[in-house]
Amino acid sequence: MKLVFLGPPGAGKGTLAAEVAKDYGIPHISTGVMFRTAISKHTSLGEKIKKIIDSGALVDDETTAALVKERLSAADARNGFILDGFPRTIVQAEMLKQFCTLDAVINLDISDEAVVERLSGRRICPSCGSNFHVSFMKPQTDGICDNCHSMLIIREDDKADAIIKRIETYRAQTFPLIEFYRNEHLLITVDAQPAPSAILENFKKLFPHNL
Ligand code: AMP
């Protein structure tokens, strides 16, 4: 299964992708996580993109597509993967088409109000990348990662100004991908408002394991 998860920031792409990846035994490939890892390791890529990411703007298409192309060439992605957060522009979608054939694009549909609520309450683990939420997905101990016990943080780009910028960026640059993939006959729209467990059940009905 070669899938793209599409949707505004905060739609729950990362949460659903992590569950589906575990359930179906395919890698969850998040460009956001790859970029944040590069930043935390102070690689040359990390130094180049930190300011862009913190502001809520997009990293350039060439850098992002090259990173994804390299990741998809790894052995674990041969039989399937979930791309979470890529492509985010029409140019990236065209680039992806050059090096990969997708099976489906899952569009997570959610209101702007719910997006703001989800992003402003989100907490992440800087060590392992796990996501939590102060209301909807509380960690067992406040402020501590369930998986690796690191202190949870608020992403720089989950702060108010950056949230507004990211929603604007999504509307201007990523939203047109819905039409793009509808025209490619790959688009499946899923209601992203329910709890993550209900969305996962819905997903499993769409994609039975024996596919
Ligand atoms: P995410 O974790 O998917 O919300 O991504 C966090 C940030 O990483 C975004 O706000 C962008 O700055 C950057 N980013 C992630 N994926 C892409 C992409 N496909 N193209 C450009 N920038 C990206």
Side-chain angles (χ1 to χ4, degrees), residues 3-18 20-21 27-41 43 45-72 81-100 102 105-108 110 112 114-133 137 152-178 180-181 192:
L3 304 176
V4 161
F5 281 11
L6 198 63
K13 298 187 295 296
T15 305
L16 181 65
V20 170
H28 168 197
I29 300 173
S30 157
T31 39
V33 169
M34 289 163 94
F35 286 144
R36 282 188 291 282
T37 303
I39 292 171
S40 69
K41 289 187 173 161
T43 66
L45 171 67
E47 299 296 318
K48 181 174 130 186
I49 62 177
K50 181 170 175 7
K51 274 208 183 108
I52 301 171
I53 298 225
D54 285 352
S55 77
L58 293 184
V59 177
D60 68 276
D61 292 328
E62 287 71 22
T63 302
T64 311
L67 193 71
V68 172
K69 187 175 181 186
E70 191 192 340
R71 178 64 187 85
L72 292 187
F81 52 76
I82 302 162
L83 280 175
D84 158 17
F86 181 92
R88 253 177 161 96
T89 65
I90 297 282
V91 173
Q92 290 180 11
E94 297 283 10
M95 288 172 157
L96 178 62
K97 226 172 137 177
Q98 303 301 312
F99 56 82
C100 159
L102 297 171
V105 173
I106 312 299
N107 173 37
L108 297 180
I110 188 167
D112 284 357
V115 160
V116 172
E117 196 184 9
R118 287 188 184 185
L119 291 180
S120 52
R122 183 158 70 180
R123 301 292 180 267
I124 65 153
C125 173
S127 305
C128 73
S130 298
N131 273 310
F132 299 89
H133 192 282
M137 219 198 317
L152 300 178
I153 58 164
I154 301 178
R155 275 167 51 171
E156 206 51 49
D157 60 350
D158 278 345
K159 295 180 180 166
D161 287 354
I163 288 178
I164 293 166
K165 169 84 180 157
R166 287 164 70 205
I167 293 174
E168 285 170 1
T169 303
Y170 168 77
R171 283 219 193 89
Q173 305 208 50
T174 310
F175 185 76
L177 287 176
I178 294 177
F180 178 94
Y181 282 122

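All values derive from a computational prediction rather than experimental measurement. Excluded from the calculations below are hydrogen atoms, water molecules and symmetry mates; all remaining heavy atoms, backbone and side chain alike, are included. As the structure lists them, so they are numbered: ligands from 1, and atoms in each ligand from 1.
Within a 6.0 Å radius of CZ in F99, other residues, nucleotides and ligands contribute more than 12 heavy atoms.
Atoms of ligand 1 found under 4.0 Å from any heavy atom of R155, numbered from 1 in the order shown, are 1 (P), 2 (O), 4 (O), 6 (C). Every atom of ligand 1 with a heavy atom of G85 under 4.0 Å away is listed here by number and element: 16 (N), 17 (C), 18 (C), 19 (N). Of all atoms in ligand 1, listed by their number and element, those nearer than 4.0 Å to a heavy atom of T64 are 18 (C), 19 (N), 20 (N), 21 (C). Interface of I53 with ligand 1, defined as ligand atoms under 4.0 Å from a residue heavy atom, comprises 8 (O), 12 (O), 13 (C). Near T31, meaning under 4.0 Å from any of its heavy atoms, are these atoms of ligand 1: 15 (C), 16 (N), 17 (C), 19 (N). Counting atoms of ligand 1 from 1 in the listed order, those under 4.0 Å from a heavy atom of G32 are 1 (P), 2 (O), 5 (O), 15 (C).
Residues D161 and K165 are not paired through a salt bridge, judged by the lack of any N-O separation under 4.0 Å between the basic side chain and the carboxylate.
Looking at Q92, its side chain does come within 3.5 Å of a backbone N or O of R88 through a donor-acceptor pair. Using modelled atom types, no side-chain atom of H28 and backbone atom of V20 make a donor-acceptor pair closer than 3.5 Å.
The protein non-hydrogen atom at the shortest distance from atom 20 (N) of ligand 1 is Q92 NE2, 2.9 Å. Protein heavy atom nearest atom 23 (C) of ligand 1, with residue, atom name and distance: F35 CE1, 3.6 Å. Annotation: atom 22 (N) of ligand 1 to nearest protein heavy atom, V59 N, 3.1 Å. Among all protein heavy atoms, the one lying closest to atom 12 (O) of ligand 1 is A57 O, 2.5 Å. With hydrogens left out, the protein atom closest to atom 2 (O) of ligand 1 is R36 NH1, 2.9 Å, a heavy atom.
You'll find the side chain of S30 stays beyond 4.5 Å of the side chain of F5, heavy atoms only.
The structure places CD1 of I163 at 9.5 Å from CZ of R155, a figure rounded to the nearest 0.5 Å. In this structure, NZ on K13 lies 13.5 Å from CD1 on I106, to the nearest 0.5 angstrom.
Under 4.0 angstrom from ligand 1, there are no non-hydrogen atoms of T169.
In terms of polar-atom proximity, defined here as any N/O pair under 3.5 Å, S30 makes no such contact with ligand 1.
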Inset, instruction - In sequence, state the C-alpha distance, the side-chain angles, and the governing distance for K159 and D54, and then conclude on salt bridge (Lys or Arg N to Asp or Glu O under 4.0 Å). - result: CA-CA 9 Å; K159 295 180 180 166; D54 285 352; over 6 Å; no
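Contact between Y170 and P9 at its shortest, heavy atoms only, is CB-CD, 3.9 Å.
When K165, E156, R88 are ranked by how near their heavy atoms come to atom 15 (C) of ligand 1, first place goes to R88.
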